[in-house]
K.L.:
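Have a look at the structure that comes next, please.
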Amino acid sequence: MAVDELEELYRRHLHAGRLDQLRTDGLDVIVGRREGAKFEDLRTGRWLWNCHSNGGTFNFGHRHPAIIRAVVAAFETADIGNHHLPSPWRAAAAAALAATTDGNLQGVVFSSSGTEANELAIKLARFHTGRRGIIVANGCYHGTGLKSMAATVGLARRLGFDDGDFTSVDWNDANALSAKLDSSIGLVMLEAIPATSGFPMPSAGYLAGVAEACKRNGTLLLIDEVQTGLGRTGTTWSYSQDGITPDMLVTGKGLSGGIYPIAATLLSDALFETWSSSPRCHVSTFGGAEPGCAAALATLDLVNDPELGPHVAELAGRFASAFTDAPFEFRQRGLVMAISTDDPNGHWSTWRRLTARGVFTMPASFDRRTVQFKPPLILSSDDADAIALAVREALG
Ligand SMILES: Cc1ncc(COP(=O)(O)O)c(C=O)c1O
């Protein structure tokens, strides 16, 4: 299909305003063929390094052969299955996911998006604690369901979906959060490192301070690792580097390697008991669809590869040393990275300069100085060096 025709159909049937906005912002790339760490821009025919990875969806690159093989094999015998009944696919995928948490989060509820996984978590927290109040942090993004959008406070206020159950505090301020905790607060939900705010890094002790305060107050702690999980920070979950274990963990995006949608909410034993004994407050026809479970199993095999952590550390070190004297702020935990400049509106121009050099990133919506910089974890050392060089050529 020609680009003009595609745009006409998009404009007519999908979202005319979005197309105009992309044009205005200069984000005029259309994804064509894709393989490994790169995709083709249909407009220009150029192949770009995918250093956005769709927020971590393509942690293992595009169309990873092991994940494709697993899903194709699953289709020999499976379809989405029946979500009312036990399924060997769901059971195996749940056990594999639970095994990534050192025995701490053994309950698993599958869904088909990060939004849905957060919605379930919010409902379950209310059932479990009997409290309605939720504390969230400014600049964290949790999705676009009614409650998950309310948890994304800036967006909710702007669009009129704010909700009296939510109180927001600044991210990275454990004292401010602690001061808001009282007997009405059942849940604190935070991103491990807020993606949409351009990955500001947590100060030492921040999440540990929050976890301790939650515990004292009988409040549940949910960590949203939709963007940071599954090996990207060098450990399977970012939270383990902060020395905490949450009561609930949300994962999505990269869980299927970008091949078939699946997300999950992982639960502590206490929450799992509530989940298992409460009315069915969440039912999802597509949640844990069997091909998605096959994709998740194959992805978790890649995540569990003992070589992955050292590989991520090696790549991360290459970027860190390439950018030590760069004229921009470089934020980093493993391959969760961002590039921030002094220009208060600079993310579009940074994005354009990087794209012109073949490096596709993504402007951070909640921090207009910053672009998210998340290459796939499967880069070779030479790939990382080539990308780092292109970034320096683009930005100095
Ligand atoms: C941290 C975080 N949580 C939740 C979500 C929502 O996930 P989904 O788009 O799959 O609903 C996103 C999506 O970008 C996210 O980045």
Side-chain angles (χ1 to χ4, degrees), residues 15 18 27 50 52-59 97 109-123 125 134 136-156 159 161 166 168 171-172 187-202 207 221-233 237-239 242 246 248-266 282 284 286-289 292 295-296 299 331 333-338 361-367 370-374:
H15 203 303
R18 178 86 186 132
L27 258 172
N50 191 347
H52 172 226
S53 299
N54 202 353
T57 305
F58 303 114
N59 272 349
L97 199 45
V109 186
F110 284 118
S111 48
S112 44
S113 70
T115 292
E116 191 187 345
N118 276 321
E119 294 285 328
L120 169 275
I122 291 167
K123 285 186 279 185
I134 299 172
V136 291
N138 300 319
C140 287
Y141 177 91
H142 299 292
T144 50
L146 276 177
K147 287 287 181 185
S148 49
M149 188 192 271
T152 309
V153 281
L155 193 61
L159 301 180
F161 288 102
F166 290 83
S168 72
W171 191 80
N172 215 14
L187 177 67
V188 166
M189 58 193 293
L190 298 172
E191 274 187 85
I193 309 171
T196 315
S197 294
F199 299 119
M201 293 296 148
L207 287 178
L221 175 61
L222 177 156
I223 298 292
D224 181 335
E225 293 234 27
V226 166
Q227 292 250 1
T228 49
L230 300 165
R232 177 161 281 279
T233 60
W237 305 110
S238 184
Y239 72 71
D242 298 292
M248 288 190 273
L249 167 69
V250 165
T251 180
K253 287 197 189 281
L255 183 55
S256 67
I259 303 298
Y260 197 100
I262 189 164
T265 314
L266 276 68
H282 195 83
S284 175
F286 298 128
T299 303
R331 302 173 181 169
R333 179 179 277 187
L335 293 180
V336 169
M337 302 184 287
T361 55
M362 185 56 64
S365 305
F366 298 164
D367 179 350
T370 306
V371 296
Q372 301 164 340
F373 180 61
K374 293 177 84 178

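Given the structure is predicted, the values throughout are model-derived calculations rather than measurements. We number each residue from 1, following the sequence as shown. Whatever order the structure lists them in is the order used to number ligands and atoms, beginning at 1.
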K.L.:
Nearest 0.5 Å, what's the NE2-CG distance between His142 and Leu155?
P.N.:
11.5 Å
K.L.:
Considering only heavy atoms, does Ala195 approach ligand 1 within less than 4.0 Å through its side chain, its backbone, both, or neither?
P.N.:
neither
K.L.:
When Asp224 is tested against each of Thr251, Thr265, Asn118 for side-chain hydrogen bond (donor to acceptor under 3.5 Å, both in side chains), which residue passes?
P.N.:
Asn118
K.L.:
What heavy-atom pair brings Thr144 and Thr115 nearest, and what distance separates the two atoms?
P.N.:
N-OG1, 3.2 Å
K.L.:
What protein heavy atom is closest to atom 6 (C) of ligand 1, reported as residue, atom name and distance in Å?
P.N.:
Thr115 N, 3.6 Å
K.L.:
For Met248, which of Leu221, Leu266, Leu187 qualifies under side chain to side chain contact (heavy atoms under 4.5 Å, CB included)?
P.N.:
Leu187
K.L.:
Just jot down the ligand 1 atoms closer than 4.0 angstrom to any heavy atom of Lys253, in number order.
P.N.:
13 (C), 14 (O), 16 (O)
K.L.:
Could an N or O of ligand 1 be found under 3.5 Å from any N or O of Gln227, whether backbone or side chain?
P.N.:
yes
K.L.:
Which residue owns the protein heavy atom closest to atom 8 (P) of ligand 1, what's the atom, and how far is it?
P.N.:
Gly114 N, 3.5 Å
K.L.:
For ligand 1, which atoms, with element, lie under 4.0 Å from some heavy atom of Ser113?
P.N.:
10 (O), 11 (O)
K.L.:
Measure the distances from the heavy atoms of Glu116 to every atom of ligand 1 and state whether one is below 4.0 angstrom.
P.N.:
no
K.L.:
Would you give the length of the straight line joining atom CD of Glu119 to atom CG of Leu146, rounded to the nearest 0.5 angstrom?
P.N.:
7.0 Å
K.L.:
For atom 3 (N) of ligand 1, grab the closest protein heavy atom and report residue, atom and distance to one decimal in Å.
P.N.:
Asp224 OD2, 2.7 Å
K.L.:
Would you mind running through ligand 1 and noting each atom that sits below 4.0 Å from a heavy atom of His142?
P.N.:
3 (N), 4 (C)
K.L.:
Please write down residue, atom name and distance for the protein heavy atom closest to atom 1 (C) of ligand 1.
P.N.:
Glu191 OE1, 3.1 Å
K.L.:
Could you tell me whether Leu159 atom CG has more than 12 heavy atoms of other residues or ligands within 6.0 Å of it?
P.N.:
yes
K.L.:
Indicate yes or no for a side-chain donor-acceptor contact from Glu191 to the backbone of Tyr141 under 3.5 Å, with no hydrogens or angles considered.
P.N.:
yes
K.L.:
Considering only non-hydrogen protein atoms, determine which one is nearest to atom 5 (C) of ligand 1 and report residue, atom name and distance to 0.1 Å.
P.N.:
Tyr141 CE2, 3.7 Å
K.L.:
Take a 6.0 Å sphere around CZ of Phe366 and say whether it holds more than 12 heavy atoms from other residues, nucleotides or ligands.
P.N.:
yes
